[in-house]
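See below for the structure under consideration.
Start at 1 and go down the list; that is how both ligands and their atoms are numbered. Predicted model only: the values in this text are computed from it and were never measured.
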Amino acid sequence: MDLPVVIAGAGIGGLSAALALGARGHDVLVVERAGELAEVGAGLQLSPNACRVLKELGVLDRLMPHAVAPRAIRIASGRTGREIASIELGDRIATRHGAPYLVVHRADLQRTLFDHALDQGRIEIRLGSEIIEISDTPDGIVQCHVQTGDILAQISAKALIGADGVWSSIRNRVPGHREADYTGLTAYRATLPAERVDDDLLTRTGLWLGPNAHLVHYPICAGREFNLVALVPERWTEEGWSATADRTALLDHFGNWAAGVKTLLEKPDTWLKWALCGVDANGPWSDGKIALLGDAAHAMLPFAAQGAAMAIEDAAVLAHHFPPTATNVRTVLKAYEADRRKRVKKVQETAVENGRIYHLSGPMAVGRNTVMKLMPPDRLSARQDWIYGWTPPL
Ligand SMILES: Cc1cc2nc3c(=O)[nH]c(=O)nc-3n(C[C@H](O)[C@H](O)[C@H](O)COP(=O)(O)OP(=O)(O)OC[C@H]3O[C@@H](n4cnc5c(N)ncnc54)[C@H](O)[C@@H]3O)c2cc1C
């Protein structure tokens, strides 16, 4: 009898992996701790490299009614409110890379992946379930002890994929693994009904740069909602996605910013916040028949907007290396890890570097703005080609 691949975590990475492995011919069981898919997380920018995989998985058409394709990223100075540069997206980027640049609510993407997975015959998803123990049989089969309420089931798997996010527990089963490190930065997040902001803000992504902080906003939920994420240094390390934030503390961070930006930040009554953690992509990400995927392997700062995209890419590459007939699963998982590491590390480093550049102050900030202003828009856009132009292996 063919054993399933068990995946811990029905987040963006876990569900993408389920779809990719299912399409390859594996039976898949996804074990998700949450009892229901809740509205956790915030907006996500989905660049063409991620959308191309979603297209191949048959999910993109289903996602489009929930998404917005912004026409540009407008980069502006938080202090003066003046535009520094604008990077064209819309049709131009879709033509350039063969897939669109979208903005969505994370919950819409997760729900779409979930529904699509359930429509495939080979994928089972158990909500409210957790792998509480992992053991090996003498003949090398992974035994997952899955707790669902009062019921404890023992499931034999041909491989176990830990897609259980930045605070992964499966990661503890990979000897020498990297721990999640707090980056010293906090993301404040709020959403507003679209009618509460100017129409102009609903057609593009806004990126405001300032000393030691930046602000990103874009429309989500097919343009019905407006998503704001403000990023600041802070000493606060609580786990989770949904802690209520002190609105006054947030507004204090932006006290010296341009009046228009402050007015925007004052609009939401409630802000949530989460501590930004990273997991060094140097790994290791696999041991025997267990491998990590997405944030569990390599959580990164959101400053390149690529964490979910890298998890989606991981899914395609894992399935590529893993034919259902594979007899040496250990070699398969090592090949996946080796294939992914260099690119993920480079993206992770780019996110750190973006953060450094975004948060410059004084003459360094003036220099940054001048360089960006003088750079032809095509060149500014082309700097992302190595990220956005990635294509999944056939
Ligand atoms: C402020 C912010 C903005 C971001 N913006 C972007 C962006 O614009 N573009 C982008 O590509 N990325 C972005 N990201 C990153 C992106 O959200 C993550 O990289 C992505 O969600 C990771 O997906 P994942 O599947 O690895 O983990 P998650 O989405 O965290 O999913 C993990 C799943 O595992 C489940 N789980 C946890 N523990 C267990 C367990 N023991 N057993 C079973 N299930 C378990 C969780 O409930 C969850 O469903 C952003 C992140 C932040 C914080």
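- Residue contacts with ligand 1: Ala163 is included, with a non-hydrogen atom under 4.0 Å away.
- Checked by distance only, ligand 1 and Arg33 come closer than 3.5 Å through their nitrogen or oxygen atoms.
- Ligand-side atoms of ligand 1 in range of Gly13: 24 (P), 25 (O), range being under 4.0 angstrom from any heavy atom.
- Looking at Arg126 and Glu32, no side-chain N of the basic residue comes within less than 4.0 Å of a carboxylate O on the acidic one, giving no salt bridge.
- For the pair Arg82 and Trp208, the cation-pi criterion (under 6.0 Å, within 45° of the ring axis) is not fulfilled.
- Looking at Trp274 against ligand 1, only its side chain comes within 4.0 Å, counting heavy atoms.
- In this structure the side chain of Val103 never reaches within 4.5 angstrom of the side chain of Asn227, judged on heavy atoms.
- For ligand 1, the atoms closer than 4.0 angstrom to any heavy atom of Gly294 are 26 (O).
- Remark: Lys346 qualifies as a cation-pi partner of Trp386 under the 6.0 Å distance and 45° angle criteria applied to the six-membered ring.
- Ring pair His214/Phe303: centre-to-centre distance below 6.0 Å.
- Ring-centre distance between Trp390 and His97: not below the 6.0 Å cut-off.
- Residue Glu130 holds the heavy atom nearest to atom 40 (C) of ligand 1 of all those in Gln147, Met300, Glu130.
- Heavy-atom proximity to Ile12, at under 4.0 Å, picks out these atoms of ligand 1: 25 (O), 29 (O).
- Short contacts between ligand 1 and Leu276, defined as distances under 4.0 Å to a heavy atom of the residue, involve ligand atoms 53 (C).
- Using a 4.0 Å cut-off between heavy atoms, Ala299 makes no contact with ligand 1 at all.
- Every atom of ligand 1 with a heavy atom of Ser169 under 4.0 Å away is listed here by number and element: 41 (N).
- Proximity annotation for atom 39 (C) of ligand 1: of Asn49, Ile131, Asp164, Leu231, Asp164 comes nearest, heavy atoms only.
- Judged as a salt bridge (Lys or Arg N to Asp or Glu O under 4.0 Å), and not counting sequence neighbours, Asp252 has no contacts.
- Residue pairs meeting the salt bridge (Lys or Arg N to Asp or Glu O under 4.0 Å) criterion with at least one member in residues 162-179, sequence neighbours excluded: Arg178-Asp280.
- With a heavy-atom cut-off of 4.0 Å, Gln306 touches ligand 1 through its backbone alone.
- In terms of N/O distances under 3.5 Å, ligand 1 is not approached by Leu46.
- With a 4.0 Å cut-off on non-hydrogen atoms, Ala305 touches ligand 1 through its backbone as well as its side chain.
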* Please step through ring-ring contact (aromatic ring centres under 6.0 Å, His included) for the pair His105 and His66, ending with a clear verdict. => CA-CA 8 Å; His105 194 299; His66 305 285; over 10 Å; no

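- For Tyr101 and Tyr388, the distance between ring centers is under 6.0 angstrom.
- Among Gln45, His298, Glu32, Arg106, the residue whose heavy atom sits closest to atom 28 (P) of ligand 1 is Arg106.
- Short contacts between ligand 1 and Val31, defined as distances under 4.0 Å to a heavy atom of the residue, involve ligand atoms 43 (C), 44 (N).
- Close contacts between ligand 1 and Gly165 involve ligand atoms 27 (O), 30 (O), 32 (C) [criterion: under 4.0 Å to a heavy atom].
- Rounded to the nearest 0.5 angstrom, Gln306 CD and Gln45 CD are separated by 9.5 Å.
- Close approach of ligand 1 to Ala187 (heavy-atom distance below 4.0 Å) involves ligand atoms 1 (C).
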